[in-house]
Q: 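Shown below is the structure under consideration.
Each chain gets a letter, A, B and so on, in the order the sequences are listed, and its residues count up from 1. Keep in mind that this is a model prediction, so the values were computed, not measured.
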Number of protein chains: 2
Amino acid sequence: MRISTRGEYGVRAMFHLTLHYGKGPIPVRTIAEQQGIPEYYLEQLIGALRRAGLVTSIRGAQGGYTLAHPPEDITVGDVIRVLEGPITPMECLDKAGAETECGVLGPCAMRKMWQRLKDSMERVLDTTTLASLVQESLFCEEEPV
Amino acid sequence: MRISTRGEYGVRAMFHLTLHYGKGPIPVRTIAEQQGIPEYYLEQLIGALRRAGLVTSIRGAQGGYTLAHPPEDITVGDVIRVLEGPITPMECLDKAGAETECGVLGPCAMRKMWQRLKDSMERVLDTTTLASLVQESLFCEEEPV
DNA sequence: GGTAATTCCCATGGATTTAGTCGGAATTAG
DNA sequence: CTAATTCCGACTAAATCCATGGGAATTACC
């Protein structure tokens, strides 16, 4: 039940882009250095975020990445889904016709519990936007990086 | 963000033991057959549940396993923690002095969000007991196995 | 036009975790 | 004694995680 470094690094990178939203593209290297993320690894992750349409890339010198949408319109759930796959504790919950596929998982009470778990996870991740994350960080002692 | 087969099989096995609670020990093979779980693998998992004190074993012929406590006193969270480790989306949330260790994870807003996620997951898993699971399954069309 | 910066794409590799098997010793009911 | 069963540890195969690195394409700037 863990978020891997893919999700963690991805959210941190998006957080970073939010802090500098509207000030032009930020190169991967800068994000990596300031957030303490391995550069080549982050490049790989941000490529996925680009293909998913969450960030926009600008190639060449002075290039880099920017958020593809305003921070209010991107949720942490969006980021996690791209980098970690569907947010679901049990694979079968996400498939059509899973009732038959799961077969032995059978007893619907268990299925309902997994569904409740899934719902509660999504409720948190889908209601937290990048904007609200930055907003919240303003009330912290720490300096946002 | 998935529960692995360890947790899934473990919950199914405990569910099975709950259905037969008070009727003497159930051998691993029986659970495995009726729940469609690889026998040797389940043996390994149930050994962990025994060492954690969630089930009691009775060796020898006519032996097997029983719940170590009434089904009302065992939660799904208990089972998951034994087989999957701590229920936490981010490792650092579970350590003492993590504020300093996490270092670059820095901005507390992210930490708070992970904490909210963790809390919401635990709320579901720790309020679902084996007894409530079986109770709920009585209102389903399916036959409990 | 040349050069440096930067994205983009792909291939590789080690470490860890997951999933599942197996063989055999110890224990116990009948 | 025998059959059933737990108990224990070793083993393998596959997947996933966490990177690292090379080279091509694109672009700003002088």
Side-chain angles (χ1 to χ4, degrees), chain A residues 1-13 17 20 24-33 35-68 80 82-86 89-91 104, chain B residues 1-13 17 20 24-68 80 82-86 88-91 104:
Chain A
M1 291 308 287
R2 301 253 181 81
I3 299 260
S4 69
T5 58
R6 291 177 62 86
E8 183 193 341
Y9 291 167
V11 172
R12 295 227 311 258
L17 288 180
H20 299 88
I26 315 266
V28 168
R29 172 169 299 167
T30 305
I31 305 176
E33 278 171 2
Q35 291 287 335
I37 302 172
E39 181 182 342
Y40 291 112
Y41 190 36
L42 179 57
E43 198 177 279
Q44 189 177 301
L45 304 180
I46 210 166
L49 293 171
R50 178 184 57 81
R51 285 187 291 276
L54 295 185
V55 298
T56 302
S57 68
I58 293 155
R59 300 183 72 165
Q62 312 303 318
Y65 290 89
T66 62
L67 295 183
I80 297 292
V82 169
L83 297 174
E84 304 258 343
M90 205 56 70
E91 200 147 359
V104 201
Chain B
M1 291 308 286
R2 301 252 181 80
I3 299 258
S4 70
T5 59
R6 290 176 62 88
E8 183 193 341
Y9 291 167
V11 172
R12 296 229 309 262
L17 288 180
H20 300 88
I26 315 264
V28 167
R29 172 167 298 168
T30 305
I31 306 176
E33 277 171 2
Q34 300 198 16
Q35 291 287 336
I37 301 171
E39 181 183 343
Y40 292 114
Y41 191 35
L42 179 57
E43 199 176 277
Q44 189 177 300
L45 303 180
I46 210 166
L49 293 172
R50 176 184 57 82
R51 285 186 290 276
L54 295 185
V55 299
T56 302
S57 68
I58 292 154
R59 301 183 71 165
Q62 313 303 317
Y65 289 90
T66 62
L67 296 183
I80 297 292
V82 170
L83 296 174
E84 305 256 345
T88 186
M90 205 56 69
E91 199 148 358
V104 201

Q: Just to verify, what does B/Pro25 make a side chain to side chain contact (heavy atoms under 4.5 Å, CB included) with, not counting sequence neighbours?
A: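 So B/Pro25 forms a side chain to side chain contact (heavy atoms under 4.5 Å, CB included) with B/Ile58, B/Thr66.
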Q: Atom CZ of A/Arg2 to atom C1' of D/dC18: distance rounded to whole Å?
A: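 A/Arg2 atom CZ is separated from D/dC18 atom C1' by 15 Å.
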Q: Within this structure, what is the OG1-CE distance for the pair B/Thr88 and A/Met1, rounded to the nearest 0.5 Å?
A: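 Answer rounded to 0.5 Å: 10.0 Å.
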Q: Return a table of donor-acceptor pairs under 3.5 angstrom between the side chains of residues 42-55 of chain B and protein atoms on other chains or two or more places apart.
A:
none

Q: Could you name each residue pair satisfying ring-ring contact (aromatic ring centres under 6.0 Å, His included) that touches residues 36-64 of chain A, not counting sequence neighbours?
A: A/Tyr9-A/Tyr41
Q: Tell me the interatomic distance from B/Ile26, atom CD1, to D/dT5, atom P, rounded to whole angstroms.
A: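 Distance, rounded to whole Å: 11 Å.
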Q: What pairs with B/Arg2 under salt bridge (charged side-chain N to carboxylate O under 4.0 Å, His left out), at least two apart in sequence or on another chain?
A: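 Scan of B/Arg2 (salt bridge (charged side-chain N to carboxylate O under 4.0 Å, His left out), adjacent residues dropped) gives A/Glu91.
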Q: Could you go through nucleotides 13-17 of chain C and list every protein N or O atom that sits under 3.5 Å from one of its N or O atoms, giving the distance for each pair?
A:
none

Q: If every non-hydrogen atom of A/Ile3 is compared with every non-hydrogen atom of A/Glu8, which pair is closest and at what distance?
A: CG2-N, 3.8 Å
Q: Under the ring pair (Phe, Tyr, Trp, His ring centres under 6.0 Å) test, which residues partner A/Tyr65, sequence neighbours left out?
A: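 Here no residue qualifies.
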Q: With a 4.0 Å limit, can you tell me whether B/Ser57 has a side-chain N or O closer than that to the phosphate oxygens OP1/OP2 of D/dT5?
A: no
Q: Send over the distance from A/Arg29 CZ to D/dG21 C1', rounded to a whole Å.
A: 13 Å
Q: Phosphate oxygens OP1/OP2 of C/dC9: is one of them under 4.0 Å from a side-chain N or O of A/Arg50?
A: yes
Q: Please give, in whole Å, the distance from D/dT16 P to A/Arg6 CZ?
A: 11 Å
Q: Once each nucleotide of nucleotides 20-30 of chain C is scored for protein heavy atoms under 4.0 Å, what B/S/- sequence comes out, 5' to 3'?
A: BBB---BBBS-
Q: Starting at CD1 of B/Ile37 and ending at P of C/dT18, how long is that distance when rounded to a whole Å?
A: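 So the CD1-P distance, B/Ile37 to C/dT18, works out to 17 Å.
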Q: Considering residues at least two apart in sequence or located in another chain, which fulfil the side chain to side chain contact (heavy atoms under 4.5 Å, CB included) criterion with A/Arg29?
A: A/Glu33, A/Glu39
Q: Whether A/Ser4 contacts D/dT16 is assessed here as follows: a side-chain N or O lying under 4.0 Å from the phosphate OP1 or OP2. Is that the case?
A: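 Answer no for this pair, as no side-chain N or O of A/Ser4 is under 4.0 Å from OP1 or OP2.
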Q: Quick one: list whatever passes side chain to side chain donor-acceptor pair (under 3.5 Å) with A/Ser4, sequence neighbours left out.
A: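 Scan of A/Ser4 (side chain to side chain donor-acceptor pair (under 3.5 Å), adjacent residues dropped) gives A/Glu84.
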